[in-house]
Amino acid sequence: MLYDRPYMKSEFEPRRLGYVAWFAVICGALFLIENISKAFFPGFGVGAFTRDWLALGTINLQDYKVWTLFTYAFLHGGLLHIIFNLLLIILIGRQRENSL
């Protein structure tokens, strides 16, 4: 009853995650999944799978694996690589996203 009055309404609205933040979350989650699966299941060839089916390269493009044009962005070489990439993506990408 009191909350329908204008002076009782909160002007705070939670900010939804933007596209850049979702991209960073997806990159981080896939990095964790890939490295955990490499650590716990070393005999299954997770590294070979990501190299043969998800990494961008001339051999994959010659084999008509056109999805590698999109999936290569989610692969990273190591922990420092993904930390610096996500740091730059978040710092620069959020400004670009706000300006667009």
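Side chains are part of it too, since the values below use all heavy atoms of this structure and drop only hydrogens, waters and symmetry mates.
- Note on F74 and V46: separate hydrophobic clusters, where clusters join Ile, Leu, Val, Met, Phe, Trp and Tyr whose side-chain heavy atoms are under 4.5 Å apart, directly or indirectly.
- Shown here is L69, whose CG atom has more than 12 heavy atoms of other residues, nucleotides or ligands within 6.0 Å.
- One hydrophobic cluster, built from ILVMFWY side chains closer than 4.5 Å, holds both L30 and V20.
- No donor-acceptor pair closer than 3.5 Å links the side chain of K65 to the backbone N or O of A55.
- One hydrophobic cluster, built from ILVMFWY side chains closer than 4.5 Å, cannot hold both F49 and F41; they sit in different ones.
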Full working for side chain to side chain contact (heavy atoms under 4.5 Å, CB included) between F84 and L88: CA-CA 6 Å; F84 286 121; L88 286 174; 5.5 Å; no

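- Once rounded to the nearest 0.5 Å, the distance linking NE2 of H81 with CD1 of I83 reads 11.5 Å.
- No side-chain heavy atom of Q95 sits under 4.5 Å from any side-chain heavy atom of N98.
- Considering all non-hydrogen atoms of both residues, A73 and C27 come closest at O-SG, 3.9 Å.
- Across all their heavy atoms, H76 and N85 have their closest contact at CD2-ND2, 3.2 Å.
- Both L86 and L79 belong to a single network of hydrophobic side chains, linked directly or stepwise wherever heavy atoms of I, L, V, M, F, W or Y lie under 4.5 Å apart.
- A donor-acceptor pair is defined here as one N or O able to donate and one able to accept, closer than 3.5 Å; no such pair exists between the side chain of E97 and the backbone of G18.
- Remark: side-chain polar atoms of W67 are paired, donor with acceptor, to backbone N or O of W53 under 3.5 angstrom.
- Partner L87 forms a side chain to side chain contact (heavy atoms under 4.5 Å, CB included) with one of L91, I89, I90 and no other, that one being L91.
- Panel note: side chain T68, backbone L56; no donor-acceptor pair is recorded below 3.5 Å.
- For the pair F31 and L75, the minimum side-chain heavy-atom distance is 4.5 Å or more.
- Both Y72 and L61 belong to a common hydrophobic cluster when Ile, Leu, Val, Met, Phe, Trp and Tyr are linked at side-chain heavy-atom distances under 4.5 angstrom.
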